[in-house]
Amino acid sequence: MSIWVKNNHEGTTKQAILAKETELGVALPVEYKQLIQQQNGGLIRKNHFKTTEPTSYGLDFGEIYYLAGLNELLPAIPEQKDVELAGKQVFFHQDEARYIGFSYSNDNENPSIIYVDFETLQTLIVAENLTDFLEQLYFSPFPIDLAERFPRKKLDQILASSNVQKTKQLMETLEDYGDKNWYLETLIALLKKQEIPYNLIAYSLFENQLIYFRRKLVPELVETIFHLLSKSDGINGNELALLKIEWAD
C-alpha cells in the first residue's frame, strides 16, 4: 500500500531529482525518490513514530502527517542557528518549530532520520534510514479537542482518515477557526464527494458560517458552495433558496 493520501500532485521526474540533488549537494534516499515519482509530496496515511525519549508531543512518540515534495525540501531554516547539528540536514516535515529530515553526518549518500525541536532545543535520531523510519510509522487519531491550534495540513490529514461522524465533529469544533478560506474550501471538498451524509453536514455548517461569520467569508467561495448545494442530493431546495436570499441582503 502507498503511504500517500492521494492528491492531484503528479510524480516528479528523474531529471528533476538529479537537478535537486546537485543543488543540495547530497544524494536523496532511494525510497524517497521512488515515492516522489509516484506523487510529488502530500499528506501521508500514518501519522506517528516511536521515540526513545519524551518529546513535546508525548512520552514516547512524535507526529508526522506530511512528506515534502521535491521543491518543498528545506536545506536551511532560520531556527537552525540555535542548535548545533552535525553534518548537513535536509528537512521534509515541519510542525511549527519541530522538524523531521535527512541528516547527513558522515557522508552525502546515506542519511539517518533526525527529529529536531527548535523550541525545546531537542534533537533525536529516530531511525537509521528512511526505510526503517517509514516501517515504524503507525496511525493513531489526533485529539480533535485541540484542533483549533493545528495547522491546515494536520487538519487535512485528520479529515482524510475521518468517517462522516468524525468529520462532523471536527468541523463543528472548528466553526470559529480563523482561516475561513480553508473552512469553506473544506466544505466544497465535502460536497464534491457527492454523498448525501456529507451534503447534509456541509449545508448545516455552511448555514452557521453565513449566520455568524458572513463578513469574514470570501464571496466567490460562498457562491461556489451555493452552486454545489443546488446540485446536491438531499438538500431542500426551498430552504437553500431562502438562505441565498439572506446572503444577498
Listed pairs under 3.5 Å, donor-acceptor, residues 149-156 side chains, sequence neighbours left out:
unit_1 : atom_1 : unit_2 : atom_2 : d
R152   : NH1    : D179   : OD2    : 3.4
R152   : NH2    : E185   : OE1    : 3.4
K154   : NZ     : E63    : OE1    : 2.6
D156   : OD1    : W182   : NE1    : 3.0

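- Qualifying salt bridge (Lys or Arg N to Asp or Glu O under 4.0 Å) partners for E172, counting only residues two or more places apart in sequence or in other chains: K168.
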Let me have the donor-acceptor pairs involving side chains of residues 10-22, under 3.5 Å, with sequence neighbours excluded, atom names and distances please.
unit_1 : atom_1 : unit_2 : atom_2 : d
T13    : OG1    : A16    : N      : 3.1
K20    : NZ     : E23    : OE1    : 3.4
K20    : NZ     : E23    : OE2    : 3.4
E21    : OE2    : L28    : N      : 2.8
E21    : OE2    : K33    : NZ     : 3.1
T22    : OG1    : L18    : O      : 2.9

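- Across L35, L134, L137, a single residue satisfies side chain to side chain contact (heavy atoms under 4.5 Å, CB included) together with I44, and that is L137.
- Taken from CD1 in I225 to OG in S230, the straight-line distance is 12.0 Å, to the nearest 0.5 Å.
- The main-chain N or O of W4 is found under 3.5 Å from a side-chain atom of R45 such that the two form a donor-acceptor pair.
- Atom CD1 of I64 is separated from atom CG of D95 by 10.0 Å, given to the nearest 0.5 angstrom.
- Other residues, nucleotides and ligands place more than 12 heavy atoms under 6.0 Å from the CD atom of E207.
- Closest heavy-atom contact between G41 and E72: CA-OE1, 4.4 Å.
- At most 12 non-hydrogen atoms from other residues, nucleotides or ligands lie less than 6.0 angstrom from OH of Y212.
- The CD1 atom of I188 lies 5.0 Å from the CG atom of L221; values are rounded to the nearest 0.5 Å.
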Can you give me every donor-acceptor pair (side chain of residues 235-249, partner residue at least two apart or in another chain, under 3.5 Å) with its distance?
unit_1 : atom_1 : unit_2 : atom_2 : d
N236   : OD1    : N238   : N      : 3.0
N236   : OD1    : E239   : N      : 3.0
W247   : NE1    : E223   : OE2    : 3.2

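- Side-chain contact between K216 and Y183 is absent, with no heavy-atom pair separated by less than 4.5 Å.
- Nearest approach of F213 to D176, heavy atoms of both residues: CZ-OD1, 3.0 Å.
- Atom CG of L59 is surrounded by 12 or fewer heavy atoms from other residues, nucleotides or ligands within 6.0 Å.
- A continuous path of hydrophobic side-chain contacts links L159 to Y66 [ILVMFWY only; heavy atoms under 4.5 Å].
- Here V26 pairs with L24, K88, V90, Y104, N108 under the side chain to side chain contact (heavy atoms under 4.5 Å, CB included) rule; sequence neighbours left out.
- For the pair K46/I3, no side-chain contact is recorded, criterion being any heavy-atom separation below 4.5 Å from C-beta on.
- Judged as a side-chain hydrogen bond (donor to acceptor under 3.5 Å, both in side chains), and not counting sequence neighbours, Q136 has no contacts.
- Counting heavy atoms from C-beta on, the side chains of K166 and I144 come closer than 4.5 Å.
- Scanning for side-chain hydrogen bond (donor to acceptor under 3.5 Å, both in side chains) contacts around S162 gives an empty result, with sequence neighbours left out.
- Partners of Y57 according to the ring pair (Phe, Tyr, Trp, His ring centres under 6.0 Å) rule, which considers only residues two or more places apart in sequence or in another chain, do not exist here.
- Between A86 and S105, the shortest heavy-atom contact is O-OG, 4.1 Å.
- Across every non-hydrogen atom of T51 and F61, the tightest pair is OG1-N, 3.1 Å.
- Taking the ring centroids of Y99 and F92, they lie at or beyond the 6.0 Å cut-off.
- Counting only heavy atoms from C-beta outward, the side chains of E31 and L130 approach each other to under 4.5 Å.
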Evaluation steps, side-chain contact (heavy atoms from CB on, under 4.5 Å), between F226 and L210: CA-CA 11 Å; F226 272 122; L210 292 185; 3.7 Å; yes

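- For N7, the side-chain hydrogen bond (donor to acceptor under 3.5 Å, both in side chains) criterion is met by H9, Q39, not counting sequence neighbours.
- No donor-acceptor distance shorter than 3.5 angstrom exists from the side chain of Q209 to the backbone of L184, with no hydrogens or angles considered.
- With sequence neighbours left out, the salt bridge (Lys or Arg N to Asp or Glu O under 4.0 Å) criterion links D60 to K50.
- Between A147 and L170, the shortest heavy-atom distance links the atoms CB-CD1, 3.6 Å.
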Identify all side-chain donor-acceptor contacts of residues 110-122 below 3.5 Å with residues at least two apart in sequence or on another chain.
unit_1 : atom_1 : unit_2 : atom_2 : d
D117   : OD1    : E119   : N      : 2.9
D117   : OD1    : T120   : N      : 3.2
D117   : OD2    : S56    : OG     : 2.8
D117   : OD2    : T120   : OG1    : 3.3
Q122   : NE2    : E53    : OE2    : 3.1
Q122   : NE2    : P54    : O      : 2.7

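- When hydrophobic clusters are built by joining Ile, Leu, Val, Met, Phe, Trp and Tyr residues whose side-chain heavy atoms come closer than 4.5 Å, directly or via intermediates, L85 is grouped together with L74.
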Would you give me the side-chain donor-acceptor pairs under 3.5 Å for residues 189-205, sequence neighbours excluded?
unit_1 : atom_1 : unit_2 : atom_2 : d
N199   : ND2    : D233   : O      : 3.0

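- Checked options F102, Y32, Y65; the residue passing with H93 is Y65 (criterion: ring pair (Phe, Tyr, Trp, His ring centres under 6.0 Å)).
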message: With side-chain contact (heavy atoms from CB on, under 4.5 Å) as the criterion, how do Y177 and M171 come out once you've worked through the C-alpha distance, each side chain's angles and the decisive distance to 0.1 Å?
response: CA-CA 9 Å; Y177 193 59; M171 296 303 289; over 6 Å; no

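- The nearest pair of heavy atoms linking Q89 to S103 is NE2-OG, 3.1 Å.
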